[in-house]
Amino acid sequence: MAKVNVSLPQGTRDFGPEVVRKRNYILNTIRNVFELYGFQPLETPAMENMETLMGKYGEEGDKLIFKILNNGLNDPKNIDKAKAAFEKVIEGKNDKNLTERALRYDLTIPFARYVAMNQGTLTFPFKRYQVQPVWRADRPQKGRYREFYQCDADVVGSNSLLNEVELAIIYLTAFKKLGVAIELKINNRKILSALAERCGGSDKMTDITVAIDKLDKIGLEKVKEELLQRGLNNEQIEIIESYLSIDGSNEEKLNKAKQLLGNIDSGKKGIEELETLLSLLTAHPSQLTIDFTLARGLNYYTGTIFEVKANNVQMGSIGGGGRYDDLTGLFGVPNIPGVGISFGVDRIYDVMEELKLFPEEVHTGTQVLFFNLGENESRLAFTAAQQLRAKGIPCELYHEAGKMDKQFKYAEKKNIPYAAIIGSNELKENICTLKDLRTGEQTKILIASLPDYSF
RNA sequence: GUGGCCAUAGCUCAGUUGGUUAGAGCAUCAGAUUGUGGUUCUGAGGGUCGUGGGUUCGAGCCCCAUUGGCCACCCCA
C-alpha cells in the first residue's frame with residue numbers, strides 16, 4: 001500500500017459516515033424544536049470583512065480570529081504596499097493591504113450584521129436560527145476545536161421576557177429529546193452591574209465578572225486574590241464575597257440578593273426579571289438554577305444570561321446565551337434589542353458519545369441488500385430493488401456476482417438489517433429468500449410482494 | 001500565546017542498561033467451505049519506528065530542532 005503522507009490542519013476533523021449520521025441526528029432534533037417555535041433558517045458566508053469582526057470579541061477574541069491573506073500580493077505593483085502592511089501586522093495591527101477578510105468567529109455578529117443590512121425588509125420580531133461552522137485560532141484540547149459548529153437561535157426586535165421563556169424551553173425540550181440530562185443556569189447581567197456599582201463603579205464590571213466566573217473552578221480564595229490583583233479593595237471584596245456566598249433554593253437566593261442589591265435600580269430590575277422568568281417556567285423547576293456566579297465572557301450581554309451544563313460528565317458548558325440591548329448598534333443601527341441561545345454541537349456530540357445516548361437506529365442507512373448471484377439473477381434483483389426504492393425503502397444491489405460470504409460481510413459491516421437473496425432456485429419461482437440478519441430468521445416471499453413487506 | 005506528557009503496522013499497544021533480521025492482538029486478504037455471514041483453524045500482505053539533524057563501532061531507545069496529538073493555563077462552545 002502506498003504510504004499516505006497527508007494530514008489535516010490542526011484542530012480540524014473529518015466526519016465519517018457514522019459520525020455524520022449522529023451529528024445530523026443532533027442537528028435535526030434541535031432544528032425541529034427551533035421550527036416548532038417559529039424560528040426561520042439563515043445562512044451567512046464563511047468569511048466576513050475584517051472590520052465586521054474585529055473589536056467585537058474583546059482583545060483576546062481578536063487574536064483568535066483566522067485571517068485570510070489577500071490574493072495578488074506577489075504582483076509587482078502590490079509588493080511595496082504588501083511589505084509595508086506586513087510590518088504593521090507584525091506590530092499587531094491589521095492592514096487591508098495584506099488581509100481584508102477573515103473566517104467567521106461566531107454566528108451572532110454575522111447575524112447582527114445581517115439584521116443591520118436588512119432592517120428595512122425584515123419583519124420584527126425577527127426570529128432566526130443558524131447552524132454553520134465557525135473558526136477560532138485557539139490551541140485545541142478536550143472539547144475545543146479550531147473548526148466547530150454553532151447552532152444558534154436569536155430573536156431581535158423585542159424586549160419581551162417571553163422570548164427568554166421560550167428560549168429556555170427550547171433548551172429544555174431539545175436536550176430532553178436528545179436524552180441529555182442538563183442543568184440550565186440563569187443569571188442577569190443587571191444584577192452583576194448592580195454589584196459593580198456597589199463596589200465603587202461600573203468600570204469595575206469587567207474585572208468583577210471575569211474573576212467571579214471562575215469561582216467553581218479555582219475556589220473562593222483564588223477569586224479574592226484575583227480581585228485584589230485587579231485593583232479592588234478589601235471592603236469591595238467583602239461585598240463580592242457576601243454576594244458569592246448566596247445559596248439555597250432559587251427563591252431564597254432571590255431574597256438574599258434583594259437584601260444585598262435591591263436598593264440599586266439595576267439590581268432591582270435584574271431580580272424582577274429573574275423572578276418573572278422563573279414564574280413563567282414553573283413547569284420545569286428542577287433543571288433551572290439561579291447561579292449568581294454565572295457571568296459569560298462576551299461583553300455585549302446586558303440582561304438575562306444562560307448557560308447549559310451537562311450532568312454526569314466532565315465537560316465545559318454545552319450551550320449558552322443571553323440578552324443584548326444593542327448588538328446592531330455596532331453596525332450603525334441602534335435600538336434593536338435581542339436575545340439568543342447557542343448549542344455547542346461538538347460538545348453535545350462528545351457528551352452523548354461518552355454517555356452512550358445515541359439510539360441504535362442512527363446507524364442504519366440501507367435497509368435491504370440484494371445479493372448478486374449471477375447475471376440473470378442480478379437483473380431480477382435490480383428490478384426488485386428499483387421497486388423498493390420507488391416505495392422509499394433504501395436498498396442496494398451488491399456490485400458484482402461474488403461469494404455469499406463476502407456479500408453477508410458487506411451487509412454486516414454496513415449495518416444493513418435485511419438480505420434479499422435471489423439465486424438460481426429463487427429465479428425459477430420468482431421468489432426471494434429474505435433473511436433478517438439481526439435474528440438469522442429467513443422466509444421466502446414472492447418478489448412481486450416485496451415492496452409491500454414492512455421492513 | 002504559555003507550560004507538561006506523548007508519537008513504533010490500518011487500529012490498540014509491547015520492544016530489557018543502546019547490540020544481529022522490530023513483535024503481538026485486532027483488522028485486511030487468501031484458503032479450509034462451488035448457495036447462507038458472525039465461530040474455528042491455516043497462511044499471506046503490511047514498517048526508511050512522525051520528520052530533519054546530531055552523539056556512537058552501532059539508535060526505535062540518548063541529545064537538539066521541527067511537525068502533529070493529548071492535557072492544563074489564558075480564553076471559550
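Atom set for the values below is all heavy atoms of this structure, side chains included, hydrogens, waters and symmetry mates excluded.
- Annotation: of the two residues near RNA chain B, A:Ala137 and A:Gln442, the 5′-most nearest-nucleotide partner is A:Ala137.
- Across the protein-nucleic acid pair, A:Tyr398 atom OH and B:G37 atom P stand 15 Å apart, rounded to whole Å.
- Picking from B:G35, B:G37, B:A77 the nucleotide with the shortest atom distance to the side chain of A:Ser317 gives B:A77.
- With sequence neighbours left out, A:Tyr410 forms a ring pair (Phe, Tyr, Trp, His ring centres under 6.0 Å) with A:Tyr398.
- Here, B:G45 and B:G25 have their P atoms 15 Å apart, quoted to the whole Å.
- Between A:Lys414 and A:Glu396, at least one side-chain N (NZ, or NE/NH1/NH2) sits under 4.0 Å from a carboxylate O, which counts as a salt bridge.
- Nucleotides B:A22 and B:U39 have their P atoms positioned 32 Å apart, rounded to a whole Å.
- Every residue two or more places apart in sequence or in another chain that forms a ring pair (Phe, Tyr, Trp, His ring centres under 6.0 Å) with A:Phe358 is listed here: A:Tyr349.
- Distance, A:Arg438 CZ to B:G37 P: 19 Å, rounded to whole Å.
- Comparing the same atom, C1', in B:A9 and in B:U28 gives a spacing of 12 Å after rounding to whole Å.
- The interatomic distance linking A:Arg347 (CZ) with B:C75 (P) rounds to 14 Å, in whole Å.
- Evaluation of the ring pair (Phe, Tyr, Trp, His ring centres under 6.0 Å) rule for A:Phe34 yields A:Tyr129, A:Phe343 as partners, not counting sequence neighbours.
- When rounded to the nearest whole Å, the span between CD1 of A:Ile65 and P of B:G1 equals 15 Å.
- The structure places CG of A:Leu220 at 11.0 Å from CD1 of A:Ile212, a figure rounded to the nearest 0.5 Å.
- Among pairs with a residue in residues 12-32 of chain A, none fulfils ring pair (Phe, Tyr, Trp, His ring centres under 6.0 Å), at least two apart in sequence or across chains.
- Put simply, the side chain of A:Arg144 and the base of B:C75 share a donor and an acceptor less than 3.5 Å apart.
- Closest contact between the side chain of A:Arg136 and the listed nucleotides B:G37, B:C75, B:C76 involves B:C76.
- A:Asn187 and A:Tyr301 share no side-chain donor-acceptor pair at under 3.5 Å.
- Under the rule for a ring pair (Phe, Tyr, Trp, His ring centres under 6.0 Å), A:Phe39 has no partner lying at least two apart in sequence or in another chain.
- For residues 17-35 of chain A, proximity to RNA chain B is found at no residue, defined as any non-hydrogen atom under 4.0 angstrom from a strand atom.
- Stacking between A:Phe408 and B:G38 is absent: the ring centroid is not both under 5.5 Å from the six-membered base ring centre and under 30° in plane angle.
- Regarding A:Tyr105, its OH atom lies at a distance of 7 Å from the P atom of B:C76, rounded to whole Å.
- Taking CD from A:Gln130 and CD from A:Gln150, the interatomic distance works out to 9.0 Å, rounded to the nearest 0.5 Å.
- At a threshold of 4.0 Å, the pair A:Asp346-A:Arg23 counts as salt-bridged, since one of the basic side-chain nitrogens sits closer than that to a carboxylate oxygen.
- A search for side-chain contact (heavy atoms from CB on, under 4.5 Å) contacts involving A:Lys176 returns nothing, not counting sequence neighbours.
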Could you run down the sub-3.5 Å N/O contacts of the protein with nucleotides 26-31 of chain B?
from: B:U28; atom 1: OP1; to: A:Lys413; atom 2: NZ; distance (Å): 3.2

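- One can place CG of A:Asp405 at 17 Å from P of B:C41, the figure rounded to the nearest angstrom.
- Between B:U8 and B:G15, the distance separating the two P atoms is 14 Å to the nearest Å.
- Shown here is A:Asp452, whose CG atom has more than 12 heavy atoms of other residues, nucleotides or ligands within 6.0 Å.
- Note on residues 219-230 of chain A: pairs passing side-chain hydrogen bond (donor to acceptor under 3.5 Å, both in side chains), not counting sequence neighbours, are A:Asp207-A:Arg230, A:Lys214-A:Glu226, A:Lys224-A:Glu241, A:Glu226-A:Arg230.
- For A:Glu60, the side-chain contact (heavy atoms from CB on, under 4.5 Å) partners are A:Lys63, not counting sequence neighbours.
- As rounded to the nearest Å, B:A65 and B:C29 have P atoms that lie 44 Å from one another.
- Rounded to whole Å, the distance from CG on A:Asp350 to P on B:A77 is 16 Å.
- Nucleotides B:U16 and B:C63 place their P atoms 15 Å apart, quoted to the nearest Å.
- Taking CD1 from A:Ile336 and OG1 from A:Thr328, the interatomic distance works out to 4.0 Å, rounded to the nearest 0.5 Å.
- Rounded to a whole angstrom, the distance from the C1' atom of B:C6 to that of B:U66 is 15 Å.
- You won't find any donor-acceptor pair under 3.5 Å spanning the side chain of A:Gln407 and the base of B:G35, going by distance alone.
- The one candidate from A:Phe66, A:Tyr145, A:Phe148 that meets the side chain to side chain contact (heavy atoms under 4.5 Å, CB included) condition with A:Arg136 is A:Phe148.
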**OP:** Kindly express the pairing pattern of RNA chain B in dot-bracket notation, using | wherever a base pairs with another strand and counting only Watson-Crick or G-U pairs under 3.5 Å.
**Re:** (((((((..((((.....[...)))).(((((.......))))).....(((((..]....))))))))))))....
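- Comparing A:Phe148 and A:Lys435 by the nucleotide of RNA chain B that holds the closest heavy atom to each, the one mapping nearer the 5' end is A:Lys435.
- Atom CG in A:Asp62 sits about 15 Å away from atom P in B:C75, given to the nearest Å.
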Polar atom pairs (N or O), protein with nucleotides 68-72 of chain B, under 3.5 Å:
from: B:G69; atom 1: OP1; to: A:Gly11; atom 2: N; distance (Å): 3.1
from: B:G69; atom 1: OP2; to: A:Gln10; atom 2: NE2; distance (Å): 3.0
from: B:C71; atom 1: OP2; to: A:Lys142; atom 2: N; distance (Å): 2.5
from: B:A72; atom 1: OP2; to: A:Gln141; atom 2: OE1; distance (Å): 3.0

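- If you take atom P in B:A32 and the same atom in B:C13, they sit 36 Å apart, rounded to whole Å.
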